[in-house]
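Scroll down for the structure; my scribbles are underneath it.
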Amino acid sequence: MLDRHQLEIVIALLAAVLALATVARRVLIPYPIFLVLGGLVIGLLPNVPILSLDPELVFLVILPPVLWAAAYFTSLRDFRANLRPISLLAFGLVLATTGVVAAVARLVMPGLSWPAAVALGAIVSPPDAVAATAIARRLGIPYRVLTVLEGESLINDAAALVLYRSAVAAVVTGAFSLGDALWQFVVTSAGGVLIGLLVGWIGIWTLRITQDSLTEIAITLLAPYAAWLLAERTHTSGVLACVVGGLYTRQFFSAVVAPATRVQGLAVWALLVFVLNGLVFTLIGLQLGAIRAAGLHATLGTIVTLGAVISLTAIVIRLIWVPLAVVIPRLVSPALRARDPIPPWPVVWLVSWVGMRGIVSLAAALALPLTTASGAPFPFRNEIILVTFGVILATLVLQGLTLTPMIRFLALGADRTLELEEARAREEAAQAAMLHLEQLATAAWPRREDVERMRALYTQRIERASPIELSADADTARRQAAFRRLRHETLSAERRALIALRDQGAISDEVLHRLEQETDLERIGNGM
């Protein structure tokens, strides 16, 4: 358990995370870049306190909710539609990166064993799409590119961490069998999928019988940890358990909980993932102090060289792999080429360049065991952590800071896929509500004036939604933006009036909160 001193350190780190994220938002740079730089600065400060971390605790606390949330916000429809390119990146590229990085690491640092080198390769092989997609969404790149990047980020974690576990086990026990490793991969993967489905089903069943928003949100927070612990106890893949559980939960969640749970739960989960991302990047600073105190087997120059070489290796492998993965399947299969032609080369280049490493790589490095089965220190543990941090720093700063100007230079064009789907969904939902309203109008209980008000409301919604689908031009977009701005101004006036009434003592804070929530929900619903 944390003592008072360690708790003070955690609180100070949280304050640092908030400060760095605020600065990042003001300068329009993805906050993971600032966090990794902040962690580096913390590590270089004199007299930095050392916070002891249990390696397994790092995995247990950080990864389950991060993986579950990533899966929850993944579109299963789009994931299935792009399964081929996602698989080539998430499995093929991870294997290629792991193998090449391991070979390069042994060349630069000859004392590194093959299992330890493979562990390093598996740690740095999975890119993290958080920073990349944050920039890409803001600049409006093609939706399919976003889908592929997010799908890759979801599955490559599972592939990389299964390799990581096998390599670490080989280092700890001193024994490795390729056949056993392949069989373990199959068993742990299948078991992880089954456990994810089981925990997801139990979670949805539990949500059906609860009626309290706070309890329901607590269940969603507990589910990823339950999936991870159950998978660990059965020696299966906790990563796949969380991924599958998150995907399963998303398919049924909207139908079994109240609107208040969905709104509040979204805020709670966003905060949790933000805090975990921030802590893991700043915790590395404290670990750098511990590493300095423990000493290194290799010289600092060797570690810096290895970090630079492996960063370059990981970037170049992706630059080579992605174009080959785009072209070769279409050359082999004319049917695929006819159904899905080669995308524009600016798109191919963008996917090739987006290879920033992030929270999963860092958590995996920090989770390396301290000792082997014989009681000896885990070989080159500190060096692997430093090299991983160097790769994250290099890819986040180099690729992250160049991504915005690159997307603008490539001029990929705006993609209105989601906007058109949203307009279609709004129109069909309003028409379904109108049809049900007409059926209710014949009943005895509705008041006629209420029916007319609702009929006018849904008629207006249908009229506002239809033109976007039929005429997606700039003039239509301007009209929609003008309407949203007008509604934003009127809702702001309502909020100011409510606050003034509270300040005058005319209404209580409870009434203010109730009415404020109504206006806030309308803002959210209209994308304001």
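- Here the side chains of Leu161 and Tyr164 are in contact, with some heavy-atom distance below 4.5 Å.
- Atom CG of Leu272 is separated from atom CG of Leu221 by 6.5 Å, given to the nearest 0.5 angstrom.
- Of all the heavy atoms in Val239 and Trp228, the pair that sits closest is N-CZ3, 3.7 Å.
- Of the possible donor and acceptor atoms, one in the side chain of Thr210 sits under 3.5 Å from a partner among the backbone N and O of Leu207.
- Within a 6.0 Å sphere centred on CD of Glu449, heavy atoms belonging to other residues, nucleotides or ligands number more than 12.
- A heavy-atom distance below 4.5 Å is found between the side chains of Pro126 and Ser361.
- Side chains of Glu152 and Pro127 form a contact here, defined as non-hydrogen atoms less than 4.5 Å apart.
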Does the salt bridge (charged side-chain N to carboxylate O under 4.0 Å, His left out) test come out yes or no for Asp340 and Arg330, once each step is laid out?
CA-CA 8 Å; Asp340 186 12; Arg330 290 172 173 83; 3.0 Å; yes
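- Closest heavy-atom contact between Ile462 and Ala430: CG1-CB, 3.6 Å.
- When side chains are defined from C-beta on, Trp349 counts as touching Leu319, because their heavy atoms get closer than 4.5 Å.
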Take Trp269 and Trp68, measure what side-chain contact (heavy atoms from CB on, under 4.5 Å) needs, and give me the verdict at the end.
CA-CA 10 Å; Trp269 270 95; Trp68 189 281; 4.0 Å; yes
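- Distance check: Met356 CE to Leu149 CG gives 9.0 Å after rounding to the nearest 0.5 Å.
- Using a 4.5 Å heavy-atom threshold, the side chains of Thr97 and Arg318 count as separate.
- For the 3.5 Å distance criterion, the side chains of Thr402 and Trp353 qualify, holding a donor opposite an acceptor.
- The heavy-atom pair separating Ala231 from Ala241 by the smallest distance is CB-CB, 4.1 Å.
- Relative ring orientation between Tyr248 and Phe252 is described as tilted, the plane-to-plane angle lying within the 30° to 60° band.
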Between Arg496 and Ser492, does a side-chain contact (heavy atoms from CB on, under 4.5 Å) hold up when you go through it step by step?
CA-CA 6 Å; Arg496 290 193 297 268; Ser492 297; 3.6 Å; yes
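- Rounding to the nearest 0.5 Å gives a distance of 4.0 Å between CZ of Arg455 and CD of Glu438.
- The side-chain heavy atoms of Ser352 and Trp321, taken from C-beta on, include no pair separated by under 4.5 Å.
- Although no hydrogens or angles enter the test, the distance criterion places no donor-acceptor pair under 3.5 Å between the side chain of Ser254 and the main chain of Arg250.
- Note: Leu146 CG to Asp78 CG = 10.5 Å, rounded to the nearest 0.5 Å.
- In this structure, the side chains of Leu501 and Leu512 stay at 4.5 Å or more apart for every pair of heavy atoms.
- Checking Ile155, Val94, Asn156, Val148 one by one against Leu89, the side-chain contact (heavy atoms from CB on, under 4.5 Å) holds for a single residue, Val148.
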Could you go through the side-chain contact (heavy atoms from CB on, under 4.5 Å) check for Arg262 and Val257 one step at a time?
CA-CA 7 Å; Arg262 293 193 292 272; Val257 299; 3.5 Å; yes
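- Distance check: Arg233 CZ to Leu229 CG gives 7.0 Å after rounding to the nearest 0.5 Å.
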Passes salt bridge (charged side-chain N to carboxylate O under 4.0 Å, His left out), Asp128 versus Arg357? Steps please.
CA-CA 5 Å; Asp128 185 353; Arg357 272 57 180 177; over 6 Å; no
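- Atoms CZ and OG1, from Arg77 and Thr147 in turn, are 8.0 Å apart once rounded to the nearest 0.5 Å.
- Side chains of Pro323 and Trp345 form a contact here, defined as non-hydrogen atoms less than 4.5 Å apart.
- The two residues Val61 and Tyr225 make their nearest non-hydrogen contact at O-OH, 2.9 Å.
- Side-chain atoms of Thr249 do not come within 3.5 Å of backbone N or O of Gly246 as any donor-acceptor pair.
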Start with the C-alpha distance between Glu150 and Leu154, add both sets of side-chain angles, then the distance that settles side-chain contact (heavy atoms from CB on, under 4.5 Å), and finish with yes or no.
CA-CA 6 Å; Glu150 291 177 341; Leu154 184 67; over 6 Å; no
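- For the residue pair Thr261 and Ser213, a side-chain donor N or O sits within less than 3.5 Å of a side-chain acceptor on the partner.
- Val347 approaches Pro142 most closely through the heavy-atom pair CG2-CG, 4.4 Å.
- The two residues Ile123 and Ala364 come nearest to each other via the heavy atoms CG1-CB, 4.0 Å.
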